[in-house]
Amino acid sequence: MKILAIDSSGLAATVALLCDGILTGEYTIHNKKTHSQTLLPMIHDMLQMAEVDVKELDGIAVAAGPGSFTGLRIGAATAKGLAQTLAIPIVAVPALEGLAFNVEGTEALACPIMDARRNQVYYGIYNVKGECPEVIENQSAAPIEEVVEKLNELGRDVVFIGDGVPVFRNQLEQTLKVPFRFGADSVLYQRASSVAALGKFYFEKNCQMEAKDFAPVYLRMSQAERERMERKGK
C-alpha cells in the first residue's frame, strides 16, 4: 500500500511517502513561506524523486488538527483535492498524536504542546511504548499552567515536543516537579513520517473515510471569530 502523509498543522510543512511499510521519502520545510506555497511542490518533488506516480497512491493520511487554522485548512484542501481526484480514501491522524509518535518507544510520557496563543497550548499526554500512542489525556486547548498541574499530578517522567517548547520552556523549567526533558531538534516539530506510520495503522483498522467526509479539528474558535464575538459583546 502506498500512503501519502501530509502535516501542515504547525510551523513546519512536511510530507512523506510510505510504500508497503517502507518510508520511501520525506520532505520537510520550516521557514517563513506559507504552506500554500510549499505543500504541492513538495509532494510533486518527493513523488518524482521516489519514482512513484501520483496515480499509484492508495490513500492519504493527514494531520487533522488541532493547530494553525490556516495550515489545517491548506492541508485539508490539499488532501481532499487529491483524494477526490484519485478516488482514494483519507485517514485523519490527530496532530498531537502524530507529534507524540515522534518519540515512540520512550518510557516517559510524551506531551506534545503547540502554541495556541494567549498563554494557551494545544496539548495531549500519551504513552508511546506501543505501535500506536495510548491516550492518557485527550488533546485539548488549555493554559500552560493547567498542563503543568496535570503532569505534576501524574507524577511520571515526561518528554515535551512541539512548537510550544521554545515558547514555554522557561515556565516549564520553573514549575514542573517531575523529571522532564525536551525532544531533540530532529523530532521537536511535526514529522510526516509519524503521520504516515499512524496512517498505516488506521488504514489497517479500517478507519478511512471518503474525501467529502473529512474536516479539520480546530478545538476552539479562530482569532477572527473570537474578535468578532468580543466586538459584539462590547
Side-chain angles (χ1 to χ4, degrees), residues 5-12 14 61-69 71-72 75-76 91-169 171-172 175-184 187-202 205 207 214-222:
I6 298 170
D7 192 337
S8 57
S9 62
L11 298 175
T14 176
V62 58
S68 159
F69 282 73
L72 290 173
V91 289
V93 176
L96 294 170
E97 194 171 295
L99 263 171
F101 203 65
N102 285 3
V103 291
E104 181 269 336
T106 181
E107 292 292 326
L109 292 175
C111 183
I113 53 174
M114 297 177 67
D115 185 16
R117 311 295 182 184
R118 299 190 174 193
N119 203 46
Q120 289 195 335
V121 291
Y122 299 118
Y123 86 105
I125 303 174
Y126 303 87
N127 269 324
V128 289
K129 292 185 288 186
E131 63 177 341
C132 182
E134 174 193 357
V135 177
I136 303 299
E137 189 75 18
N138 207 2
Q139 59 183 22
S140 61
I144 189 64
E145 293 85 0
E146 185 176 312
V147 180
V148 170
E149 183 180 355
K150 176 64 67 174
L151 290 167
N152 284 337
E153 287 176 0
L154 290 170
R156 291 181 54 186
D157 292 17
V158 59
V159 54
F160 292 96
I161 54 273
D163 61 33
V165 168
V167 178
F168 296 103
R169 184 179 188 121
Q171 194 167 344
L172 292 171
T175 56
L176 277 166
K177 299 176 182 178
V178 295
F180 66 92
R181 63 185 175 88
F182 301 109
V187 296
L188 191 61
Y189 296 94
Q190 283 79 359
R191 293 285 304 270
S193 52
S194 291
V195 175
L198 290 173
K200 175 176 177 285
F201 175 82
Y202 285 127
K205 297 294 182 182
C207 296
F214 171 73
V217 176
Y218 297 118
L219 288 188
R220 68 178 196 179
M221 293 182 294
S222 68

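Side-chain atoms are counted along with the backbone in the values below, which use heavy atoms only and exclude waters and symmetry mates. Computed from a prediction, not measured in an experiment: that's the story for all the values here.
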Of the non-hydrogen atoms in [X] and [Y], which two are nearest, and what is the gap between them?
X      : Y      : answer
Val195 : Val93  : O-CG2, 3.9 Å
Leu151 : Cys111 : CD1-SG, 4.1 Å
Gln139 : Pro94  : OE1-CB, 3.6 Å
Gly183 : Val159 : N-CG2, 3.9 Å
Pro66  : Leu96  : CG-CD1, 4.0 Å
Ala64  : Ala92  : CB-CB, 3.8 Å

Inset, instruction - Quick one: which residue pairs count as a salt bridge (Lys or Arg N to Asp or Glu O under 4.0 Å) with a foot in residues 136-147, not counting sequence neighbours? - result: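 Residue pairs with at least one partner in residues 136-147: Glu137-Lys150.
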Inset, instruction - Show your working on side-chain contact (heavy atoms from CB on, under 4.5 Å) between Val178 and Leu154 and close with a plain yes or no. - result: CA-CA 9 Å; Val178 295; Leu154 290 170; over 6 Å; no
Legend entry - Results of side chain to side chain contact (heavy atoms under 4.5 Å, CB included) for Pro133 - residues two or more places apart only: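 By the side chain to side chain contact (heavy atoms under 4.5 Å, CB included) rule, Pro133 matches Glu97, Phe101, Tyr126, Val128, Leu198.
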Nearest 0.5 Å, please: how far is [atom2] in [Y] from [atom1] in [X]?
X      : Y      : atom1 : atom2 : answer
Ile161 : Met114 : CD1   : CE    : 11.5 Å
Lys205 : Lys200 : NZ    : NZ    : 11.0 Å
Lys177 : Phe180 : NZ    : CZ    : 13.5 Å

Legend entry - Derivation of the side-chain contact (heavy atoms from CB on, under 4.5 Å) call for Tyr122 and Leu99: CA-CA 12 Å; Tyr122 299 118; Leu99 263 171; over 6 Å; no
Inset, instruction - Keeping the roles fixed (side chain from Asp115, backbone from Asp163), state whether a donor-acceptor pair exists under 3.5 Å. - result: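 Such a contact is absent between Asp115 side chain and Asp163 backbone.
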Legend entry - Under 3.5 Å: donor-acceptor pair, side chain of Ser8, backbone of Gly71: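 At least one qualifying donor-acceptor pair exists.
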Legend entry - Candidate pair Asn119 and Phe168, rule side-chain contact (heavy atoms from CB on, under 4.5 Å), full reasoning: CA-CA 9 Å; Asn119 203 46; Phe168 296 103; 3.3 Å; yes
Legend entry - Results of side-chain hydrogen bond (donor to acceptor under 3.5 Å, both in side chains) for Ser9 - residues two or more places apart only: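 In terms of side-chain hydrogen bond (donor to acceptor under 3.5 Å, both in side chains), with neighbours along the sequence ignored, Ser9 is linked to Asp7, Gln190.
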Inset, instruction - Report the C-alpha distance between Asn127 and Ile136 in whole Å, list the side-chain angles of each, state the deciding distance to 0.1 Å, and finish with yes or no for side-chain contact (heavy atoms from CB on, under 4.5 Å). - result: CA-CA 7 Å; Asn127 269 324; Ile136 303 299; 3.5 Å; yes
Legend entry - pair Tyr123-Pro112: side-chain heavy atoms closer than 4.5 Å: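 A side-chain contact is absent here, since even the closest heavy-atom pair is not under 4.5 Å.
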Inset, instruction - Going by the side-chain contact (heavy atoms from CB on, under 4.5 Å) test, name the single residue among Leu109, Val103, Leu172, Leu188 that passes it with Phe160. - result: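 Testing each of Leu109, Val103, Leu172, Leu188 against Phe160, the sole residue satisfying side-chain contact (heavy atoms from CB on, under 4.5 Å) is Leu172.
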